[in-house]
Amino acid sequence: MNETLVQINNISKIYPTGEGGFLALNKLSLDITDGEFMGIVGPSGSGKTTLLNIIGTLDEQTSGEVLVLGKHVNKLSSKESASLRANKIGFIFQTYNLLPVYTVYENVELPLLLLQMKKEERRKAVMQALEWVGLTDKMHSRPNQLSGGQGQRVSIARAMVKTPRLVIADEPTANLDTENSINILDTMLKINQDIGTTFIFSTHDPKVIQYLKRVVTLIDGEKVKDDYQTGI
Amino acid sequence: MITKLAYKNILGNGWRSLINIFILSLVLTGMIWMQGLYDGWSRIARRQMQEWEFAGGHYAHQDYDKYDSFSLDKSFAAVPPKLQDLIDTGDAVPILYSAGIIYPHGRLTPVVIKGIPAEQNILRIPTTHLRIQDPDTQILPVLIGRQMAKSINVVKGDILTMRWKEVNGAYNAYDIQIVQIMDTPVPSTDMGQIWIDYDKLNEVKALKNSCSVIVLKNQAASTYVGSPWNFVSIDQSMKGVDAMIQTKRVGGYVFFVLLLFLAMIAVFDAQMLAVFKRRKEIGTLIALGMTKRQIIGLFTMEGTMYMLLGSVLTATLGLPLFFYFGFQGFPIPQQMSDFNIAGASEPIRCYYSPIMILSTFMIVMAVTVFASWLPSSKIARMKATYALLGKV
C-alpha cells in the first residue's frame with residue numbers, strides 16, 4: 001500500500017476581513033497518497049488555491065492539522081518549511097513565474113542552486129529535466145523568447161529537476177490553448193507514471209479533469225465530492 | 001549562489017543598473033578627489049613649512065609669541081650649550097628676532113628683523129646672499145620675500161634705512177640693501193620679514209650669540225634643554241595650517257554628505273522599485289525554497305554589487321582624473337597666496353593615501369549596503385502567497 005503523503009484533518013482557514021473574516025476552508029479533511037495524480041476542482045473562491053498553499057507550506061491553516069511528508073506544517077519554522085519546499089515540493093504556477101533575466105537553463109537550475117548541488121550534478125539534472133519536457137534546444141533562450149506552452153514546460157522542468165515527492169500545480173493550463181494544455185498534461189502524466197511523483201492540481205479546466213485519477217470537489221471551502229476515476 | 005543570482009539580476013536590470021553604478025562611481029570619484037585635494041594641500045603646506053621655516057621642529061624662547069610683536073624685544077637668550085653643539089655640526093640653526101622699522105620711499109613700515117647665519121643650509125632661505133664681504137661696510141645686505149617687495153614697492157639693489165632698538169633700549173639705524181628677493185611659498189617667512197646675517201644682528205643689537213628660536217635639522221635630535229627654551233614639534237607648528245585645512249575639509253564634508261545622500265537615494269530607489277516590481281519573483285523564490293534571510297541577502301548583495309561595480313568604474317574612469325590632479329596638480333589662484341596660507345603658492349597635487357581610499361570606500365559601502373537592506377527588510381514581512389499574487 002502507498003504511503004500517505006499529505007494528511008489533512010479537519011482544517012479551516014479564515015482570512016481576516018472587516019466583517020469578522022472570510023471562511024476559505026471549512027473543516028476539511030483529506031488524505032493524499034504517494035504517486036497520486038489528483039486534482040482539487042471547484043468554482044472560483046471555493047478554496048482550491050488556499051488548500052494548495054497550505055499543502056505547499058506557503059500558508060497556514062487557522063485550525064486543524066496538516067501533515068506533509070509526516071511533518072506538521074504549522075509547527076515548522078520558516079527555515080524548516082523553506083527546506084521542505086526546496087527538497088520535496090515542486091510548484092507549477094498558472095503564469096509560469098519564470099525569472100525573466102535568466103535563461104531556460106538557469107531557471108531550471110535555480111532549485112538545485114538552493115540545494116547547493118555540485119555543478120556537474122546540476123548540469124545532468126537540468127538536462128534530464130529539459131529532456132522530459134522536450135526543451136533541450138531552448139536551453140539558452142530567455143522566457144520572453146518562448147511561447148506560452150514552452151514557458152509552462154520550463155516551469156514543469158523547474159518543478160521536476162530536483163525530483164520532488166510532490167508537485168503542486170495551480171491552474172497550470174489556464175493560460176494555454178487546447179493543444180499546449182494537452183501537451184503539458186501528457187508530460188506531467190508521463191512523469192507521474194515513470195517516476196511516481198505525486199501531482200496535485202487545482203483546476204476547473206475540463207481538459208485537466210479528464211486526466212485526473214482522483215477529483216476532489218470543493219464548494220465554499222467544503223469538500224463536497226471525492227471521486228476516483230480512470231483518467232486518460 | 002546569492003552572488004551569482006545578484007550578478008544576474010544586475011545584468012538583467014540593464015539601464016537602471018548602469019545609472020546606479022554610474023552615480024555610485026561619481027560619488028566615489030568625487031569623494032576620493034576632494035579628500036585627495038585636502039590631503040595633498042596639507043602635505044604641501046607641511047613640506048613647505050618644513051623646508052622654509054621649521055625643518056625638524058624648533059626651540060622657541062618661552063616669551064616669544066608670534067601674535068605679539070611686543071614679545072620680540074624680550075624673547076631672546078644666549079644659545080644653550082647643549083644646542084650649540086648641534087649648531088656647530090650643522091644640525092641646528094639659531095635665528096634672532098627683533099622688532100624694527102624700515103622706511104621704503106620715506107614711509108614708515110614696521111617689520112620683524114630676523115637674523116640667520118649666512119652659511120646655514122637647514123632652511124631653504126637663500127642666506128648665502130647675506131654674507132658680508134666687507135666687515136666695515138655701513139650698508140647691510142638683507143633678503144626679503146616677493147610679496148614683501150611688492151607691498152613696499154622695492155626691487156633688488158634698493159637701499160633703504162632700517163631702525164631697531166638695541167638691547168639696552170637705545171635706538172639705532174643702518175642702511176640696508178636688498179641683495180635678493182626670494183620666492184618663498186611660506187607667507188610667514190615673507191610678509192613683514194627682513195632677513196639679515198645672524199652675527200650682524202647680534203652685533204647691532206649689542207648681543208652675543210643670542211637667539212629667539214633654534215631650528216633643528218631633525219626632530220630626533222631634540223633634547224630637554226630647560227628654561228627658557230620650549231621645544232615646538234613640526235606637528236605643533238603645523239597646528240594653525242592643519243586647523244585651517246580642517247575647516248575647509250569640514251566645508252567639503254557637506255558636499256560629501258550630499259553626494260552620499262545622492263548615492264543612497266539611487267540605491268534605495270532602485271532596490272525599492274525592485275521590491276515592488278519583483279514581488280512575484282520574490283514569491284516564486286520563496287516557493288522554490290529560498291528563506292527570507294536568503295532573499296534579504298540577495299537584495300543586499302545586489303546593492304553591494306552596485307557598489308563594487310561602481311568602484312570598478314571609478315578605477316577605470318576616475319583614474320585619469322586622479323592621475324592628472326595627482327601629477328599636474330590643482331592651480332591655486334594668486335589671491336590665495338595673499339591669505340598667509342602655506343601650500344597655496346604652488347599647484348596642489350592631490351594625494352591619495354590607501355587609508356583614505358579604503359575609508360572612503362568603506363563609508364560608501366556601508367551606506368550602500370544599508371540602502372539596499374532597508375527596502376529588502378520589508379520583504380521579510382511579505383507573505384509568500386501575497387507575493388505570488390503580486391501583492392505586498
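Throughout, protein chains are lettered first and strands after them, A, B, ... in sequence-line order, and every chain is numbered starting at 1.
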Going through the checks in order, is the side chain to side chain contact (heavy atoms under 4.5 Å, CB included) test met by B:Leu285 and A:Leu110?
CA-CA 9 Å; B:Leu285 291 171; A:Leu110 192 56; 3.6 Å; yes
So, taking the atom named [atom1] in [X] and the one named [atom2] in [Y], what distance separates them when rounded to the nearest 0.5 Å?
X: A:Asn53; Y: B:Thr385; atom1: CG; atom2: OG1; answer: 5.5 Å
X: B:Leu11; Y: A:Tyr102; atom1: CG; atom2: OH; answer: 10.0 Å
X: B:Leu288; Y: A:Ile89; atom1: CG; atom2: CD1; answer: 11.5 Å
X: B:Thr291; Y: A:Arg85; atom1: OG1; atom2: CZ; answer: 9.5 Å

Using a cut-off of 6.0 Å, state whether more than 12 heavy atoms not belonging to [X] lie near its atom [atom1].
X: B:Phe361; atom1: CZ; answer: yes
X: A:Asp220; atom1: CG; answer: no
X: B:Arg43; atom1: CZ; answer: no

With only heavy atoms counted, which part of A:Ser81 is less than 4.5 Å from chain B, the side chain, the backbone, both or neither?
neither
Heavy-atom contact with chain B under 4.5 Å, split by part of A:Gln116
neither
Minimal non-hydrogen separation, B:Lys4 against A:Glu109, with atom names
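Scanning both residues completely, I find the closest heavy atoms to be NZ-OE1, 3.6 Å.
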Considering all heavy atoms, the nearest B:Ala287-A:Leu58 contact:
CA-CD2, 3.9 Å
B:Leu5 versus chain A, heavy atoms under 4.5 Å apart: side chain, backbone, both or neither?
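Both backbone and side chain.
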Decide yes or no on side chain to side chain contact (heavy atoms under 4.5 Å, CB included) for A:Arg158 and B:Thr284, but give the supporting numbers first.
CA-CA 11 Å; A:Arg158 183 179 64 186; B:Thr284 307; 3.7 Å; yes
Using the rule side chain to side chain contact (heavy atoms under 4.5 Å, CB included), only one of B:Lys8, B:Lys280, B:Glu281 pairs with A:Leu99; which is it?
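Among the candidates, only B:Glu281 passes.
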